[in-house]
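What follows is one structure encoded as structure tokens, with my remarks underneath.
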Amino acid sequence: MVGRSLLDRFTEKLEFETVMPLSPYDGEVYHYSSLGNVNSILLGKQGLCLWASRIDCLNDVSEGTLPEMRFVQACDELKADGRIDSRFYELIRNVRPNRTGLVLYAANGKTRPVRDEFKTYITSFSEDSDALAMWNYYSKGSRYEGMNIGISSRRLLNSLNSRQNQHGTVMALMVKVIYNEREQLELIERVLLDLHENYERGYESSVRYHIGTLLSNLKPVFKCACFSHEKEVRLFINVYRKFESELRVEYRTCAGYVIPYVSLNFDRSVVSRITLGPGLGSDDQKAVQKKVVEEMLINHGYQAVVAQSIIPVRY
């Protein structure tokens with residue numbers, strides 16, 4: 001029998017929440033977009049198509065940087081309070097996010113592990129089905145010309161895995177963004193305290209590995225509180241270098257920036273609802289548009305309810 005590695009033995013001592021600190025989101029989410037994107041998102045031959053943009057090219061310039069900042073804060077707090085000793089503090093304080101991740105993929109009927117560098121791509125949703133702050137992103141002049149697409153997060157992941165991730169070559173997870181600084185610190189501190197409690201001499205590399213993995217996994221999850229009005233839920237996908245050909249990386253431009261993205265295709269059945277933004281003219285005009293959108297969805301194989309925003313904004 002092959003002996004277990006030091007990492008395996010150390011990992012078995014830890015709480016489940018230390019190894020898997022992110023809870024998959026399970027619920028209805030809403031993808032906001034402009035009406036100009038109807039064709040590319042809803043009406044393609046592949047069904048629902050959403051773009052996932054690379055994390056280092058999103059509009060938030062602090063994207064992906066907060067976990068390291070909160071980690072330094074957490075280390076200093078725990079040391080100052082006497083909850084970790086100086087030796088453990090010196091061991092961990094310079095840990096940085098892992099650049100590689102472990103993926104288990106299927107090949108020739110067997111499961112094979114690969115450790116490789118990866119890049120993270122993100123598709124954004126909101127928990128709020130009718131948010132004025134989100135509609136504002138898609139206003140044109142004095143008109144709110146957006147729509148949002150109501151989707152089951154569980155069906156979305158199942159559809160992605162069955163269509164574009166059959167062999168497990170990408171890591172996909174749907175999580176709720178954490179905005180509150182105290183919550184961010186407490187998540188990291190819980191992990192560090194469990195690692196500290198189970199640490200013994202000889203497990204130094206294992207401790208640092210778990211922290212590096214944590215910081216890497218938290219990059220898409222922590223955001224500044226100033227974005228909390230978005231109530232964001234994210235589908236994030238790690239695309240490993242070895243399997244980049246599985247998901248073709250394309251490029252688009254926005255506000256003078258070139259942004260890498262991947263197209264994700266889903267079954268039409270994941271869409272449960274379409275909500276049209278406020279400010280689309282008179283009540284009669286809104287009623288006509290609602291019927292047109294219902295007709296469009298039926299003609300393209302969707303079975304989704306069409307609704308109108310109830311926000312009473314005129315301009």
Side-chain angles (χ1 to χ4, degrees), residues 6-25 55-56 58 60-102 115 117-120 122 124 127 171 173-236 238:
L6 277 174
L7 177 60
D8 289 340
R9 279 182 276 174
F10 182 68
T11 301
E12 289 176 358
K13 297 156 68 76
L14 302 175
E15 297 287 340
F16 178 80
E17 289 76 14
T18 297
V19 182
M20 301 289 290
L22 301 179
S23 301
Y25 187 88
I55 188 172
D56 58 341
L58 299 178
D60 176 4
V61 295
S62 69
E63 196 76 60
T65 65
L66 285 183
E68 287 186 76
M69 294 172 57
R70 298 293 180 254
F71 171 66
V72 171
Q73 290 177 258
C75 289
D76 291 343
E77 280 190 12
L78 293 177
K79 183 175 181 290
D81 294 343
R83 288 185 284 170
I84 61 174
D85 55 48
S86 297
R87 182 174 146 202
F88 190 78
Y89 175 82
E90 292 299 325
L91 170 65
I92 69 172
R93 68 186 181 91
N94 292 322
V95 175
R96 295 294 176 261
N98 290 345
R99 295 176 59 189
T100 63
L102 181 67
R115 178 166 295 284
E117 293 185 1
F118 63 88
K119 294 175 181 175
T120 300
I122 290 173
S124 296
E127 288 187 294
M171 192 280 280
L173 187 63
M174 204 154 193
V175 295
K176 186 175 177 178
V177 170
I178 301 174
Y179 301 100
N180 183 272
E181 180 177 335
R182 190 69 250 166
E183 289 182 33
Q184 294 169 354
L185 285 169
E186 288 175 354
L187 189 158
I188 293 175
E189 288 178 357
R190 282 196 300 271
V191 172
L192 295 183
L193 288 172
D194 190 30
L195 293 172
H196 179 258
E197 180 180 344
N198 290 283
Y199 166 66
E200 299 173 10
R201 191 178 294 276
Y203 286 132
E204 288 81 3
S205 295
S206 298
V207 168
R208 292 173 64 87
Y209 168 81
H210 277 290
I211 294 173
T213 299
L214 172 71
L215 297 180
S216 178
N217 288 341
L218 291 179
K219 281 187 174 186
V221 182
F222 285 6
K223 290 200 69 174
C224 293
C226 57
F227 291 98
S228 61
H229 61 276
E230 296 177 351
K231 298 180 181 178
E232 188 175 1
V233 176
R234 289 180 153 183
L235 170 62
F236 74 88
N238 290 341

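All values below come from the heavy atoms of this structure, side chains included, with hydrogens, waters and symmetry mates left out. Nothing here was measured: the structure is a model prediction, and the numbers come from that model.
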By salt bridge (charged side-chain N to carboxylate O under 4.0 Å, His left out) - contacts of Glu186 (at least two apart):
Arg182
Which heavy atom of Phe71 sits nearest a heavy atom of Leu215, and at what distance?
CB-CD2, 3.7 Å
Would you check if Leu14 and Val191 make a side-chain contact, meaning some heavy-atom pair closer than 4.5 Å?
no
Looking at Asp60 and Ser62, would you say the former's side chain and the latter's main chain have a donor-acceptor pair under 3.5 Å?
yes
To the nearest 0.5 angstrom, please state how far the CD atom of Glu197 sits from the OG1 atom of Thr18.
9.5 Å
How far apart are the closest heavy atoms of Val19 and His210, and which atoms are they?
CG2-CE1, 4.4 Å
Which atom names give the shortest non-hydrogen contact between Ser206 and Phe10, and what distance separates them?
CB-CD2, 3.6 Å
In the structure I gave you, are the side-chain heavy atoms of Phe222 and Thr65 within less than 4.5 Å of one another anywhere?
no
Could you tell me whether a side-chain N or O of Ser216 sits under 3.5 Å from a main-chain N or O of Gly212, the two making a donor and an acceptor?
no
Salt-bridge test for Glu90 and Arg87: reply yes if a basic N is under 4.0 Å from a carboxylate O, no otherwise.
no
Evaluate the side-chain proximity of Val221 to Leu187: yes if any heavy-atom separation is below 4.5 Å, no if none is.
no
Could you walk me through whether Gln73 and Glu181 satisfy the side chain to side chain contact (heavy atoms under 4.5 Å, CB included) test, starting with their C-alpha distance in whole Å, then the side-chain angles of each, then the deciding distance to 0.1 Å, before giving a yes or no?
CA-CA 10 Å; Gln73 290 177 258; Glu181 180 177 335; 3.0 Å; yes
Residue pair Phe88 / Val207, side-chain heavy-atom distance below 4.5 Å
yes
Out of Lys223, Lys231, Glu230, which one pairs with Val177 under the side-chain contact (heavy atoms from CB on, under 4.5 Å) rule?
Lys223
Hey, is Lys176 close enough to Glu183 for a salt bridge, meaning N to O under 4.0 Å?
no
Heavy-atom side-chain proximity of Ile188 to Leu218 below 4.5 angstrom
yes
Say whether, by atom type as modelled, one donor and one acceptor occur between the side chain of Arg234 and the main chain of Pro220 under 3.5 angstrom.
yes
Does a donor on one side chain sit under 3.5 Å from an acceptor on the other, for Glu204 and Tyr199?
yes
Within the 4.5 Å heavy-atom criterion, are Leu102 and Met171 side-chain neighbours or not?
no
Closest heavy-atom pair, Lys219 versus Gly64, reported as atoms and distance to 0.1 Å, is CG-O, 3.4 Å
Output yes when a side-chain donor or acceptor of Arg208 lies under 3.5 Å from a complementary backbone atom of Leu91, and no otherwise.
yes
Restricting to non-hydrogen atoms, name the atom on Cys224 and the atom on Leu66 that form the minimum distance, rounded to 0.1 Å.
N-CD1, 3.4 Å
If you measure from OG1 on Thr213 to CE on Met20, what distance do you get to the nearest 0.5 Å?
11.5 Å
Approximate separation, where rounding is to 0.5 Å, of Ile55 CD1 and Thr120 OG1:
5.5 Å
Inter-residue atom distance Glu77.CD - Leu192.CG, 0.5 Å rounding:
11.0 Å
Starting from the C-alpha separation in whole Å, work towards a yes-or-no answer on side chain to side chain contact (heavy atoms under 4.5 Å, CB included) for Asp76 and Tyr89.
CA-CA 8 Å; Asp76 291 343; Tyr89 175 82; 2.7 Å; yes
Does any N or O in the side chain of Tyr203 come within less than 3.5 Å of the main-chain N or O of Arg9, such that one atom is a donor and the other an acceptor?
no
SB check Glu15 Arg190 (cutoff 4.0 Å)
no
Are the side chains of Lys79 and Arg93 in contact, using a 4.5 Å heavy-atom criterion?
no
Here the pair of heavy atoms bringing Glu232 nearest to Tyr179 is N-OH, 2.9 Å
d(Tyr209 OH, Leu195 CG) to nearest 0.5 Å is 12.5 Å
Under the side chain to side chain contact (heavy atoms under 4.5 Å, CB included) test, which residues partner Ser205, sequence neighbours left out?
none
Interatomic spacing from CG in Asp56 to NZ in Lys119 - rounded to 0.5 Å
8.0 Å
